[in-house]
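Take a look at the structure below.
Start at 1 and go down the list; that is how both ligands and their atoms are numbered.
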Amino acid sequence: MLFDGTTFRILDQTLLPHQQKWLICNDTETLIDIISRLAIRGAPAIGLSASILLAILAEQGEGQQELLKKAETLKAVRPTAVNVINNVDEMISALQSRNYIEAAVATAEKLYEEDVQLCRNIAKLGAAIIRPGEKILTHCNTGSLATAGCGTAMGILAEAQQCYGDIFVWVDETRPLLQGGRLTAWECGILGISHSIICDSTAALLMQQGDVDRIFVGSDRIAVNGDFANKIGTYSLAVLAKYHSIPFYVAAPLTTVDPNCPAASEIPLEMRDECEVKGVNTSTGRCSWCPPESPAYNPAFDITPAELVTAWILDTGVFTRSELGKPHWWKNKKGQDGQPVKFL
Ligand code: MRU
């Protein structure tokens, strides 16, 4: 995302890695289209794009009531990720104040800077779990394209690579738009991480062969009981990891934990168009390989039950299952000096 004082630009992730095209986004209708097409995606990045646009519109003189209406429309675009709702809710509070323009700008800036710091904390806590030379599997894209900072699961891999210089990453290609094969692989290349792209269904074979040491994924919403929603295919990885006794970690900011969501059944799962399963439409062109009359079923996310998770790596600490039962486990685990505490 870029803002030069007049124009807000968003990098079109559907065209990466082959084309770097910046989309101009000066109104909420355009942002809704950009988010719906996954031209910007990743829970934190979507939330930040919404808050930044609302701040820009406030600064450009849009009326308070109109801004509040627009904020509500942005909340519904991608229903699974709680970050969008959280960010927009914070913007709504700012927009309701007397000095709503200054408040909106300050809130959007704060949310952006916070995300950079949250990613840093997650990266440090998670990288400490990895050992030199390990082979890690990751799903979807959770890197700097998906956040304001170094990413969540991907930030951990970047940090581990910086510490040891010799980690290896299996990159699940990931439906619906091959976010792993296109975006994570691209980021691995930039970060100098040895990697190989695999079809999602290859993960089982690799685990059976002993070629996966750990799995790190991101999340779009974590329920209070530790169940979490993430990109479709995450649940099958977690089941496979359990069968093969491979540690399986979820990395996300504390803000991804939804205190209003007691368990997975409360998390809404986004459905997407069947054309994303029956063909592709990316920078390399458009093609369809299925009989046009055959229907397709295309949920964007699935739910992984807490019992399959080894640990939740939040910016405030690393939580194991035994801590989930404790009251308000998700709220704060900072040490006395305000620094995140490592619990593993
Ligand atoms: O549909 P997407 O590409 O927005 O889904 C992204 C994911 O599932 C990520 O794992 C999640 O948003 C966390 S990104 C830091």
(request) Hey, can you tell me if Tyr249 and Phe216 have their rings parallel, tilted or perpendicular (30° and 60° cut-offs)? (result) parallel
(request) Indicate whether the side chain of Glu90 and that of Asn86 have a donor and an acceptor atom separated by less than 3.5 Å. (result) no
(message) Pairing donors with acceptors under 3.5 angstrom, does anything connect the side chains of Thr80 and Asp220?
(response) no
(request) Consider only side-chain N and O atoms of Asn99 and Ser97, and report whether a donor and an acceptor are under 3.5 Å apart. (result) no
Nitrogen or oxygen contacts under 3.5 Å, ligand 1 side and protein side:
| from | atom 1 | to | atom 2 | distance (Å) |
| --- | --- | --- | --- | --- |
| ligand 1 | 1 (O) | Arg78 | NH1 | 3.4 |
| ligand 1 | 1 (O) | Arg78 | NH2 | 2.6 |
| ligand 1 | 1 (O) | Lys231 | NZ | 2.6 |
| ligand 1 | 3 (O) | Arg41 | NE | 2.8 |
| ligand 1 | 3 (O) | Arg41 | NH2 | 3.3 |
| ligand 1 | 3 (O) | Gln179 | NE2 | 3.1 |
| ligand 1 | 4 (O) | Gly42 | N | 2.8 |
| ligand 1 | 4 (O) | Arg78 | NH1 | 2.9 |
| ligand 1 | 8 (O) | Asp220 | OD1 | 2.9 |
| ligand 1 | 8 (O) | Asn230 | OD1 | 3.0 |
| ligand 1 | 8 (O) | Lys231 | N | 3.4 |
| ligand 1 | 10 (O) | Asn230 | OD1 | 2.6 |
| ligand 1 | 12 (O) | Ala43 | N | 2.9 |
| ligand 1 | 12 (O) | Asp220 | OD1 | 3.3 |
| ligand 1 | 12 (O) | Asp220 | OD2 | 3.0 |

(message) For Lys70, give me all partners under salt bridge (charged side-chain N to carboxylate O under 4.0 Å, His left out), at least two apart in sequence or on another chain.
(response) Glu62
(message) Asn141 and side-chain hydrogen bond (donor to acceptor under 3.5 Å, both in side chains): which single residue from Gln179, Lys231, Glu187 fits?
(response) Glu187
